[in-house]
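Notes for the one structure printed next.
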Amino acid sequence: MPTLIVCAVDAEAEAVRAGLADPGRFSVMTSGVGPAAAAASTATALARGEYDAVVNAGVCGAFQGRADIGDTLIAVRTAAADLGVDLADQFQPLDELGFGSMTVDCDPSLTEGVEGYRGDILTLTSITGTADKGLLLTNRFPAALGEAMEGFGVATAARQAGLPFAEVRTVSNFVGDRDVAGWDWKGAFGALTEAVSRL
Ligand SMILES: O=C(O)c1cccc(C(=O)CC[C@H]2O[C@@H](n3cnc4c(=O)[nH]cnc43)[C@H](O)[C@@H]2O)c1
């Protein structure tokens, strides 16, 4: 059975399709932006029972000092960065509250051939646009390499379907101050094409 690759937007899906070495082994779909659209679209696709694994692929922001623009990030875990209680001096993850988990482990066998940095990738419902929030996330999640908006949604749908999951992202920007002029979409899409060719 093929692997389902979920991208948020058409530009990411096009970059992925351009790179697949054996397109017959994969099906690429666009879910829409954010974890809710990603979870719902993935769950609908998986209900057909036609896939044996799920990969979330796209571009992302990187935490300064942990990865650079154009780099490839491979998730060890995908983590919903705000799924818990946000207190003044600390963050209590869902895990500590006894209501489930804010992380999903990725299956390393799905991304064995992909070269890049391996670590956690955060999922947020909004792009971090200030240096203060970027610093807060950097300190709160020391194992996080970057942030995006769909991974935890796709991972949750895969987990509920009993399928292995992986997340592969290429860096279009740094997390923090919203300087869109410094974003490199073209470079990130090119890197994404190269990264998925190793899947
Ligand atoms: O530039 C914008 O205003 C903007 C707002 C919403 C979505 C986009 C996209 O192009 C969506 C692509 C996809 O990119 C991921 N992404 C990229 N950089 C970041 C980031 O720094 N923080 C979170 N997500 C990021 C995300 O997964 C989007 O779905 C543009």
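Just follow the structure's listing: the first ligand is 1, and inside any ligand the first atom is 1. Keep in mind that what you see is a predicted model, and the values were worked out from it rather than measured.
You'll find the side chain of T123 stays beyond 4.5 Å of the side chain of E147, heavy atoms only. No side-chain heavy atom of Q64 sits under 4.5 Å from any side-chain heavy atom of V175. By the 4.5 Å heavy-atom criterion applied to side chains, T3 and V55 are counted as neighbours.
Ring geometry for W183 versus W185: interplanar angle of 30 to 60°, hence tilted.
A donor-acceptor pair is defined here as one N or O able to donate and one able to accept, closer than 3.5 Å; such a pair exists between the side chain of E12 and the backbone of A8.
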N/O contact list for ligand 1, threshold under 3.5 Å:
{"unit_1": "ligand 1", "atom_1": "1 (O)", "unit_2": "R178", "atom_2": "NH2", "d": "3.1"}
{"unit_1": "ligand 1", "atom_1": "3 (O)", "unit_2": "R178", "atom_2": "NH2", "d": "2.5"}
{"unit_1": "ligand 1", "atom_1": "18 (N)", "unit_2": "G61", "atom_2": "N", "d": "3.4"}
{"unit_1": "ligand 1", "atom_1": "18 (N)", "unit_2": "N173", "atom_2": "OD1", "d": "2.9"}
{"unit_1": "ligand 1", "atom_1": "21 (O)", "unit_2": "N173", "atom_2": "ND2", "d": "2.8"}
{"unit_1": "ligand 1", "atom_1": "22 (N)", "unit_2": "E147", "atom_2": "OE2", "d": "2.6"}
{"unit_1": "ligand 1", "atom_1": "27 (O)", "unit_2": "M149", "atom_2": "N", "d": "3.1"}
{"unit_1": "ligand 1", "atom_1": "27 (O)", "unit_2": "E150", "atom_2": "OE1", "d": "2.6"}
{"unit_1": "ligand 1", "atom_1": "27 (O)", "unit_2": "R169", "atom_2": "NH1", "d": "3.3"}
{"unit_1": "ligand 1", "atom_1": "29 (O)", "unit_2": "E150", "atom_2": "OE1", "d": "3.3"}
{"unit_1": "ligand 1", "atom_1": "29 (O)", "unit_2": "E150", "atom_2": "OE2", "d": "2.6"}

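No hydrogens or angles considered: nothing links the side chains of D132 and T130 as a donor-acceptor pair under 3.5 Å.
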